[in-house]
Amino acid sequence: RLPAALRRRLLAAAVEQCRWAPKTGGDTRRLLLSRYEGAPGAADAGLLEVVESSDLMASHAVLLGSNAPSGAPRSATRVLFHTNLIGAVVLDAGSGRVQLWFAHDDGRRPPRFAAAAWPGNIGPASSRQLRRLEVLYSAEHSAIIFVPASNPELPWGHLFSYRLGGASELELLLTDVHRPPEGGVAWQAAAGVDGVFLANRAVLDRGTDPDVAEARFDAQAEVVEGDEDADGAQTPAEAARQLVIRSYVSVNMGLAWQPLAAPAPARGGAANPEGTVCPAKSDEAKHCGLH
């Protein structure tokens with residue numbers, strides 16, 4: 001509960017996001033926030049800085065922004081907070097390219113931003129992809145992010161890992177992870193079991209083995225775009241309806257994935273229009289929603 005003197009005090013203005021981030025065994029007044037740097041209509045309007053305060057904004061330090069330490073970005077177009085991770089989408093003034101930066105907030109020392117390097121055989125994500133990027137998971141030493149397909153009409157994207165405090169290169173974990181138009185990414189971490197993840201992949205049904213990895217990154221999107229260019233071909237949205245959805249599990253932080261077998265048919269083999277029933281469930285249980 002805030003002291004009475006602070007209940008009506010303006011802590012900060014032009015705030016985009018605010019995260020209460022107390023240190024373990026330390027000060028509970030610590031805040032991390034992103035806020036707009038420029039005034040409305042100014043050249044830098046819409047650009048963000050990230051600041052840290054240990055005393056409810058009586059004082060603060062700039063982690064990312066025009067007054068940040070040397071080596072940190074001067075501004076960001078988007079900021080993401082997730083547990084012990086701070087992500088920032090940064091427009092590089094020199095090259096004009098959009099970059100992805102991360103800082104590890106371990107609660108022991110001020111977070112420092114470092115640019116994430118994309119794998120050499122993939123290349124950097126586009127500005128459009130980074131605007132829709134999601135941080136799905138972050139733990140003490142690693143984070144997992146979802147990068148949508150380059151075409152926003154396609155209902156899938158790709159999982160990458162980033163090692164906090166280690167190598168700056170992103171690592172591809174799983175391609176073509178389903179992202180239904182009506183919902184979020186079809187991925188989740190198993191509750192209570194560290195490093196165990198479930199994910200659904202969306203694979204175009206073209207008579208091939210859905211478990212075979214792509215020969216090239218995002219090759220499935222290239223196939224759809226090639227079909228779109230052909231005369232009388234389907235649009236990406238139409239092609240995306242012809243999907244095989246397969247469920248996978250990883251028990252080692254996403255380094256390896258195994259397909260999950262669909263549950264057996266309902267007892268007696270009778271057709272069940274509502275889906276199959278997991279054998280481990282009772283007759284009164286709800287139908288399995290995993291597949």
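Phe102 and Tyr162 have tilted rings, their planes meeting at an angle from 30° to 60° on a 0 to 90° scale. Using cut-offs of 30° and 60° on the angle between ring planes, the pair Phe160 and Trp118 is perpendicular.
Listed for the Trp20 side chain is a donor-acceptor partner under 3.5 Å among the backbone atoms of Thr28. Within the 3.5 Å criterion, the main-chain N or O of Ala117 finds no donor-acceptor partner in the side chain of Ser168. The closest donor-acceptor contact from the side chain of Arg179 to the backbone of Pro148 lies at 3.5 Å or more, if one exists at all. Panel note: side chain Glu49, backbone Val62; no donor-acceptor pair is recorded below 3.5 Å. Listed for the Arg163 side chain is no donor-acceptor partner under 3.5 Å among the backbone atoms of Glu169. Using modelled atom types, no side-chain atom of Ser247 and backbone atom of Leu260 make a donor-acceptor pair closer than 3.5 Å. Here the side chain of Ser34 pairs a donor or acceptor atom with the backbone of Gln17 at under 3.5 angstrom. At least one donor-acceptor pair under 3.5 Å links the side chain of Arg74 to the backbone N or O of Ala68.
Ion pairing of Arg97 with Asp92 is absent here, as no side-chain N (NZ or NE/NH1/NH2) approaches a carboxylate O to less than 4.0 Å. Arg19 and Asp105 are not joined by a salt bridge, as no carboxylate oxygen comes within less than 4.0 angstrom of a charged side-chain nitrogen.
No side-chain heavy atom of Ser54 sits less than 4.5 Å from a side-chain heavy atom of Arg29. The side-chain heavy atoms of Ile145 and Leu136, taken from C-beta on, include no pair separated by under 4.5 Å. Contact of the Pro155 side chain with the Pro180 side chain is not registered, since no non-hydrogen atoms from C-beta on lie closer than 4.5 Å. The side-chain heavy atoms of Leu164 and Asp106, taken from C-beta on, include no pair separated by under 4.5 Å. Side-chain atoms of Val51 and Leu63, non-hydrogen and from C-beta on, never get closer than 4.5 Å to each other. Side-chain atoms of Arg201 and Ile245, non-hydrogen and from C-beta on, never get closer than 4.5 Å to each other. Taking the side chain as every heavy atom from C-beta outward, Asn121 and Leu172 never approach each other to under 4.5 Å. Glu52 has its side chain within reach of Pro111: a pair of non-hydrogen atoms, C-beta onward, lies under 4.5 Å apart.
When each of Trp187, Tyr137, Phe197 is checked for a side-chain contact (heavy atoms from CB on, under 4.5 Å) with Leu159, only Trp187 meets the rule. The only option from Leu48, Val90, Leu32, Leu64 that meets the side-chain contact (heavy atoms from CB on, under 4.5 Å) definition with Val79 turns out to be Leu48.
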Intermediate values then yes/no, salt bridge (charged side-chain N to carboxylate O under 4.0 Å, His left out), Asp176 and Arg246: CA-CA 10 Å; Asp176 308 318; Arg246 292 293 298 269; over 6 Å; no
Using the rule given for side chain to side chain contact (heavy atoms under 4.5 Å, CB included), can you reason through Ser142 versus Met253, listing the C-alpha separation, both sets of side-chain angles and the distance that settles it, and then say yes or no? CA-CA 9 Å; Ser142 64; Met253 295 294 292; 3.1 Å; yes
Determine, stepwise, if the pair Asp55 / Arg30 fulfils side chain to side chain contact (heavy atoms under 4.5 Å, CB included). CA-CA 6 Å; Asp55 51 16; Arg30 182 170 180 260; over 6 Å; no
Let me see the working for Val185 and Glu134 under side chain to side chain contact (heavy atoms under 4.5 Å, CB included), right down to the final yes or no. CA-CA 9 Å; Val185 181; Glu134 297 180 43; 3.7 Å; yes
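Residues Arg35 and Ala12 share a closest heavy-atom pair of NH1-CB, 4.1 Å. Of all the heavy atoms in Leu33 and Phe81, the pair that sits closest is C-CZ, 3.9 Å. Here the closest heavy-atom approach between residue Leu133 and residue Leu80 is recorded as O-CD2, 3.8 Å. Looking at every heavy atom in both residues, Arg132 comes nearest to Ala149 through NH1-O, 3.9 Å. Nearest heavy-atom pair across His178 and Ala202 is CD2-CB, 3.7 Å. Of all heavy-atom pairs between Ser53 and His60, the closest is CB-CB, 4.1 Å.
Atoms CG and CH2, from Leu174 and Trp156 in turn, are 13.5 Å apart once rounded to the nearest 0.5 Å. Atom OG in Ser127 sits 10.5 Å away from atom CZ in Arg78 (nearest 0.5 Å). Within the model, atoms CG of Asn200 and CG of Leu243 stand 11.5 Å from one another, a figure rounded to the nearest 0.5 Å. We find the CD-CD distance between Glu37 and Glu16 to be 12.0 Å, quoted to the nearest 0.5 Å. Annotation: the span from Leu198 atom CG to Ser250 atom OG amounts to 9.5 Å, rounded to 0.5 Å. Taking CG from Asn252 and CG from Leu173, the interatomic distance works out to 9.5 Å, rounded to the nearest 0.5 Å.
Between the side chains of Thr175 and His158, no donor N or O sits under 3.5 Å from an acceptor N or O. For Gln129 and Ser150, the side-chain atoms include no donor-acceptor pair closer than 3.5 Å.
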